[in-house]
There are 2 protein chains.
Amino acid sequence: MSADTDPGRPTTRIQREKQEVILEAALEIFSQYGFRGSTIDQIAEAAGMSKPNLLYYFKSKEDILAPILARILDTWLEPLRELDAEGDPLPELQSYIRRKLEMSRDYPRESRLFANEMLRGAPDFSNVLHNELKDLVDEKAKIIKGWMARGKIAKCDPYHLIFAIWSTTQHYADFDIQVRAVLGKERGGDGRFEDAARFLDQLFLHGLSPKK
Amino acid sequence: MSADTDPGRPTTRIQREKQEVILEAALEIFSQYGFRGSTIDQIAEAAGMSKPNLLYYFKSKEDILAPILARILDTWLEPLRELDAEGDPLPELQSYIRRKLEMSRDYPRESRLFANEMLRGAPDFSNVLHNELKDLVDEKAKIIKGWMARGKIAKCDPYHLIFAIWSTTQHYADFDIQVRAVLGKERGGDGRFEDAARFLDQLFLHGLSPKK
DNA sequence: AAATTTTTTGACCGATTGGAAAAATTCTAG
DNA sequence: CTAGAATTTTTCCAATCGGTCAAAAAATTT
């Protein structure tokens, strides 16, 4: 019998293990070459098995991508989910920014694959964007608006604020090549994330206006 | 004779015209599907000619991409080149941010193709990144540092400031699908760029600290 | 209008692709 | 140990890919 997507979850131990190996290999390949730029052979080799063997676990190339994307989106939104209406507004936002930056540092492959899908127009999960994602952002935007109304943070568009947090932090994963090239050898090392954290903290807190 | 890359530039009128048509079509296709995801047939069809006819003007797929990337990078950096050391610091930076945002609005295909290349690790112009780009950013970072030293703007890392400007503005082109999905029908229309401009102006000027 | 050069087309090629089929092997339960 | 199920490998295929080539068709020059 084939082992692919049945209503019932993977049954045997070997199925769970191999599926995990394949998804890890596929993430590596997809994030480097994009969906169409990756071949099943590449993924199979990275997973240490033959192509037909891989196709025994996932019956098509798209069936490999789908669970990866689902998992990424879930992981990706976790920091935003934790934004707490009861917390102290500014530290709450700072902590969100820091966590997003840490994700760019620790999971660059996920970030790049996600960006790749966005560039392609997100053909596979545009419904998720319009439902789960929009709902979550709507909810958190409302919280942020409440903070603004109570004078806890400056008034601004909460949606564009969230976009700014996403873009500035993800930039360090998606444009890593460019960032390291521009920073050069000395400043482009591991310390760049701490420098980025410091800068973003100041930007989102005070902007560029000089102190008086 | 073939019409492709000779030391001498395109000679005939028809060559200039067709090469332009091809590059425009290739930008459209490449920006949608990425380099490996695009086929010469697709580009040829978009350009209204047969594949062998296209290959008469550009002898390989990479030979089509190269001039597009060169042009994009040049266009892309123009706003930064214009950052004027003699200008008024804050308005100078605001104007830079605004121009970059306008480019995301007016040239989203170019932005997405550029992002695509970055995600791939910029195999074709990593040398440009380490030379022309780094030199330009170094020069402008020095200008910005001068402004900080004279107390005209707040002290911060000028490199990460430039990254923040790039990422926040380009986000509206590269993640357009996501931005529009999250903003919804009413707020996701043409007005989103004006909202973004207003928000970015405030973010880079004052950040989120509440007014006292 | 004839000669020559440039442009376009149709037919084709070898390599690679995603995937199917079935045999061969390994694992597991009785 | 043996039957049956699960896993893996070998072989193969049709479609698509980037690219070539020679000949036809336009365009240009003389």
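It should be emphasised that the depicted structure is a prediction, and the values quoted were computed from it without experimental measurement. Lettering of chains follows the sequences in order, A, B, ..., and the numbering in each one begins at 1. Hydrogens, waters and symmetry mates are skipped; everything else that's a heavy atom, side chains included, is used.
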Quiz item: What pairs of residues pass the salt bridge (charged side-chain N to carboxylate O under 4.0 Å, His left out) test when at least one of them lies in residues 168-179 of chain A, not counting sequence neighbours?
Solution: A/Asp176-A/Arg180, A/Asp176-A/Arg192
In whole angstrom, give the distance that lies between atom [atom1] of [X] and atom [atom2] of [N].
| X | N | atom1 | atom2 | result |
| --- | --- | --- | --- | --- |
| A/Ile22 | D/dT8 | CD1 | P | 9 Å |
| B/Tyr56 | D/dA25 | OH | C1' | 13 Å |
| A/Leu54 | D/dT8 | CG | C1' | 12 Å |
| B/Glu45 | C/dT8 | CD | P | 17 Å |
| B/Tyr57 | D/dG19 | OH | P | 18 Å |
| A/Asn53 | C/dA24 | CG | P | 18 Å |

Self-check item: Mutual orientation of the aromatic rings belonging to B/Phe163 and B/His160 [parallel < 30°, tilted 30-60°, perpendicular > 60°]
Solution: perpendicular
Exercise. Could you check whether the rings of B/Tyr172 and B/Phe193 sit parallel, tilted or perpendicular, using 30° and 60° as the cut-offs?
Key: tilted
Quiz item: So, is B/Ser50 close to the C/dT9 phosphate, meaning a side-chain N or O under 4.0 Å from OP1 or OP2?
Solution: yes
Quiz prompt | side-chain N/O B/Gln15 vs C/dT7 OP1/OP2, d < 4.0 Å | solution = yes
Quiz item: If the sugar-phosphate is the primed atoms plus P, OP1 and OP2 and the base is the rest, what is the B/S/- string for nucleotides 12-23 of chain C, using protein heavy atoms under 4.0 Å?
Solution: -----SBBBB--
Quiz prompt | Intermediate values then yes/no, side chain to side chain donor-acceptor pair (under 3.5 Å), B/Gln32 and B/Glu28 | solution = CA-CA 6 Å; B/Gln32 272 185 64; B/Glu28 181 71 26; 3.1 Å; yes
Quiz item: Counting distance only, does the side-chain N/O of B/Lys100 pair as donor-acceptor with the main-chain N or O of B/Ser95 below 3.5 Å?
Solution: no
Quiz item: Are B/Thr39 and B/Tyr33 close enough, and set up right, to give a side-chain contact (heavy atoms from CB on, under 4.5 Å), and what steps lead you there?
Solution: CA-CA 9 Å; B/Thr39 72; B/Tyr33 306 100; over 6 Å; no
